[in-house]
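Any value given below was found using the heavy atoms of this structure, including those in side chains, with hydrogens, waters and symmetry copies removed. Everything numeric in this text was worked out from a predicted model, so none of it was measured.
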Amino acid sequence: GESVGLHLPTLSVQEGDNSIINCAYSNSASDYFIWYKQESGKGPQFIIDIRSNMDKRQGQRVTVLLNKTVKHLSLQIAATQPGDSAVYFCAENRGGKLIFGQGTELSVKP
Amino acid sequence: SQTIHQWPATLVQPVGSPLSLECTVEGTSNPNLYWYRQAAGRGLQLLFYSVGIGQISSEVPQNLSASRPQDRQFILSSKKLLLSDSGFYLCAWSDRGHFGKLFFGSGTQLSVL
């Protein structure tokens, strides 16, 4: 079946390094993607989104890349900080509903 | 600015008891409203969504129901809770016509014992 999934369930990085979190999707008709950050015990927070007519979008310290050829989405976090430690979800707009992947836990080592 | 309120933050209920979780949104009109459930260490599962008062779409068959008695109020209910209803419940909203960009509440951790 169709799914939105993540390549790695956990990611550990050194403070100050760049982080890359990956996501694969299988529905080639999906036209909108979002990354969320969820800290323990809290609701997900919107980070950045991208439409399928774009390949790249940048925010503050974050960049989302979309490769429609291989149906791959990534979130890059520059100069990772301890406050970036959280679970990151990619989500796909599929027919008007937001479908979430399972999440990647990012751990930042001081 | 828009805000979303969800309560209670935690809830412990016995099996077979009823449930009512409430969510309200401020600062916007005619929002789309959603209920998601998140099992420990897993992703979010869409339970219900609503595009207007009294309009509820159910995504999965289950022991739960939802209602939208007012434009900015969304309620998740159950007549008799099951152990499997335990989880982290999240309410969310999006602008009418913009289904993708959701804004989430702080969640309710429900434990059914």
Side-chain angles (χ1 to χ4, degrees), chain A residues 1-11 21 23-27 29-54 57 59 64 66 73 86-107, chain B residues 1-11 21 23-25 31-52 55-60 74 76 87-111:
Chain A
E2 297 177 337
S3 64
V4 177
L6 295 168
H7 292 307
L8 296 173
T10 61
L11 176 65
I21 302 172
C23 181
Y25 65 96
S26 56
N27 188 343
S30 295
D31 60 358
Y32 181 64
F33 304 87
I34 306 179
W35 282 99
Y36 282 90
K37 172 186 179 183
Q38 186 177 26
E39 296 175 318
S40 180
K42 297 183 180 180
Q45 291 178 286
F46 171 87
I47 302 175
I48 193 168
D49 57 359
I50 189 168
R51 296 198 176 277
S52 58
N53 61 353
M54 302 172 68
R57 192 169 187 207
V64 55
L66 177 62
L73 190 70
V87 177
Y88 290 80
F89 292 95
C90 65
E92 167 190 17
N93 183 16
R94 191 184 304 168
K97 302 168 193 173
L98 205 58
I99 307 300
F100 285 79
Q102 291 301 304
T104 291
E105 183 173 7
L106 175 65
S107 176
Chain B
S1 63
Q2 301 89 356
T3 56
I4 179 168
H5 303 280
Q6 186 181 343
W7 67 93
T10 59
L11 188 60
L21 301 180
C23 171
T24 59
V25 180
N32 299 318
L33 296 173
Y34 307 81
W35 279 110
Y36 280 84
R37 178 168 59 199
Q38 185 175 32
R42 303 192 66 181
L44 287 80
Q45 179 188 35
L46 179 60
L47 301 177
F48 301 95
Y49 70 95
S50 172
V51 298
Q55 301 179 59
I56 308 295
S57 296
S58 175
E59 287 299 295
V60 293
F74 206 22
L76 183 69
F88 192 49
Y89 289 83
L90 289 153
C91 182
W93 72 274
S94 68
D95 283 326
R96 176 62 55 88
H98 195 327
F99 289 92
K101 192 170 182 178
L102 301 186
F103 299 92
F104 285 86
S106 54
T108 295
Q109 183 63 55
L110 172 66
S111 298

Test item: A:V87 and B:Q38 side chains (from C-beta on) under 4.5 Å apart, heavy atoms: no

Geometric class of the A:F100/B:Y36 ring pair [parallel <30°, tilted 30-60°, perpendicular >60°]: perpendicular

Part of A:Q45 lying under 4.5 Å from any heavy atom of chain B: neither

Nearest-0.5 Å distance, CG of residue A:D49 to CG of residue B:L102: 11.0 Å

Spacing of CG belonging to A:L98 relative to CG belonging to B:L46, to within rounding of 0.5 Å: 8.5 Å

Minimum heavy-atom distance [X]-[Y], with the two atoms named:
X: B:K101; Y: A:Y36; value: C-OH, 4.0 Å
X: A:K42; Y: B:F88; value: O-CE2, 3.6 Å
X: B:L90; Y: A:G43; value: CD2-CA, 3.5 Å

Part of B:L44 within contact of chain A (heavy atom distance under 4.5 Å): both

Chain A contact via B:Q6 - side chain, backbone, both or neither, heavy atoms under 4.5 Å: neither

